Amino acid sequence: MLLAIVDTEGIVTKETKYGDSSRILTVISRELGKISILAGSVRRGKSGLLTATAMFSHSRFTLFKGGSSSLYKLNEGELLHSFAPLRESLEEMAFASYFCDVTNCIIQEEAPDPPQTDLLLRTLYMLTRPDEDFEKIKAVFEFRSLTIAGLFPNLRQCGGCGRVDGLHYLSPTEGCIYCAKCAASHADTIQITDSMLAAISYIALAEDKKEFSFTMQPTATKYLSEIGERCVEQLLEKSFKTLSYLRRVTSLG
Ligand SMILES: [Zn+2]
């Protein structure tokens, strides 16, 4: 069997036990998209490899790829950034797991998506910063992800008649906004204020790395985040277990 050696850098977004001591890692790589890596048992004295393959770690990997198999085998791993705080707090872990889950749904096997990969990285960084509003981070991640995926094509005009003012109804199933007249013929719209629409448009259209740079009251970001998760589940046509878990965790707080 022909073995190819592949070097890549990526984020560990899921881990599954495999056999007694092995794991299969799902890694989001900028160059390769979503890949599966078989990580065998880590020998004593190789603790660096253990950190490099921990959940949320951003690492450089040297992999073997054999023949037609889509599974890579881990040879070496070098940690770039550990995101350790995300594994130490229940709440941070719940948010980070949900962001990884959504990214694993959006990015396909071996289909590189650098904008979404970079957004996930920036979002995980934001979560580790002190005194951040997690619901705001979540809302930004959600609306930005849907925009990158092309599911929110136009927030500037009514999806029905094209008018550009009085847009107060958002459709989480169609990914567009409507005026009151057009909303009347769409059952599942959510009413939004001008400032809510301004925030969603800002998130969607801001330059990379600027998407988090706006201020909003926590009550408003909480509502924005609720709209965000409805849009994510409807437009990606999936209900995320990590989101139900996140909601159980945040309701304790
Ligand atoms: Zn209209």
Side-chain angles (χ1 to χ4, degrees), residues 95 98-99 101-108 111 113-120 122-123 126 132-244 246-247 250-251:
F95 276 95
Y98 169 62
F99 300 151
D101 204 4
V102 171
T103 303
N104 286 340
C105 173
I106 290 177
I107 300 186
Q108 303 299 308
D113 185 344
Q116 182 65 27
T117 306
D118 293 346
L119 175 67
L120 177 63
R122 290 199 295 276
T123 308
M126 287 301 290
E132 285 292 338
D133 174 353
F134 293 164
E135 296 293 345
K136 177 188 159 191
I137 294 174
K138 172 174 166 292
V140 171
F141 174 79
E142 289 168 328
F143 286 110
R144 190 87 175 170
S145 296
L146 293 173
T147 309
I148 292 171
L151 295 167
F152 256 121
N154 193 349
L155 292 166
R156 293 181 193 274
Q157 54 185 182
C158 173
C161 66
R163 65 181 281 183
V164 294
D165 56 348
L167 305 171
H168 292 135
Y169 299 86
L170 183 121
S171 166
T173 51
E174 290 160 83
C176 61
I177 41 167
Y178 292 114
C179 67
K181 195 157 165 265
C182 294
S185 51
H186 293 84
D188 62 337
T189 55
I190 305 169
Q191 205 166 351
I192 53 167
T193 60
D194 282 334
S195 65
M196 216 45 91
L197 178 62
I200 297 171
S201 303
Y202 177 83
I203 294 165
L205 303 170
E207 278 176 49
D208 278 350
K209 301 178 189 167
K210 298 258 173 76
E211 63 273 69
F212 294 97
S213 308
F214 65 98
T215 48
M216 208 178 198
Q217 290 299 318
T219 46
T221 56
K222 183 88 194 353
Y223 184 56
L224 196 63
S225 164
E226 281 169 24
I227 302 174
E229 67 194 42
R230 274 185 65 181
C231 291
V232 160
E233 292 202 317
Q234 294 278 352
L235 291 167
L236 297 178
E237 297 175 351
K238 185 179 158 127
S239 67
F240 292 92
K241 280 190 191 145
T242 47
L243 179 60
S244 323
L246 169 65
R247 283 306 168 218
T250 51
S251 67

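Residue numbers count from 1 along this sequence. None of these values were measured; they are calculated from a predicted model. Atoms within a ligand are numbered from 1 in the order they appear, just like the ligands themselves.
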Taking ring pair (Phe, Tyr, Trp, His ring centres under 6.0 Å) as the definition, give me every residue that meets it alongside Tyr169, ordered by chain and number, with sequence neighbours left out.
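Expected list: none.
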For Phe240, all residues meeting ring pair (Phe, Tyr, Trp, His ring centres under 6.0 Å), sequence neighbours excluded:
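Phe240: no ring pair (Phe, Tyr, Trp, His ring centres under 6.0 Å) contacts found.
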Looking only at side-chain N and O atoms, does Ser225 offer a donor or acceptor that is under 3.5 Å from a partner on Glu142?
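Their side chains do not contain a donor-acceptor pair, so the 3.5 Å distance test is not met.
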Over-ring placement of Lys210 relative to Tyr202, 6.0 Å and 45° cut-offs
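No; the conditions do not both hold, so Lys210 does not lie above the ring face of Tyr202.
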Can you list the steps and then say if Ser244 with Arg247 is a side chain to side chain donor-acceptor pair (under 3.5 Å)?
CA-CA 5 Å; Ser244 323; Arg247 283 306 168 218; over 6 Å; no
How many protein N, O or S atoms sit closer than 2.8 Å to the Zn ion (ligand 1)?
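That number is 4, waters not included.
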Taking only residues two or more places apart in sequence, or in another chain, which ones meet Glu233 in a salt bridge (Lys or Arg N to Asp or Glu O under 4.0 Å)?
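Listed in chain order: nothing, the list is empty.
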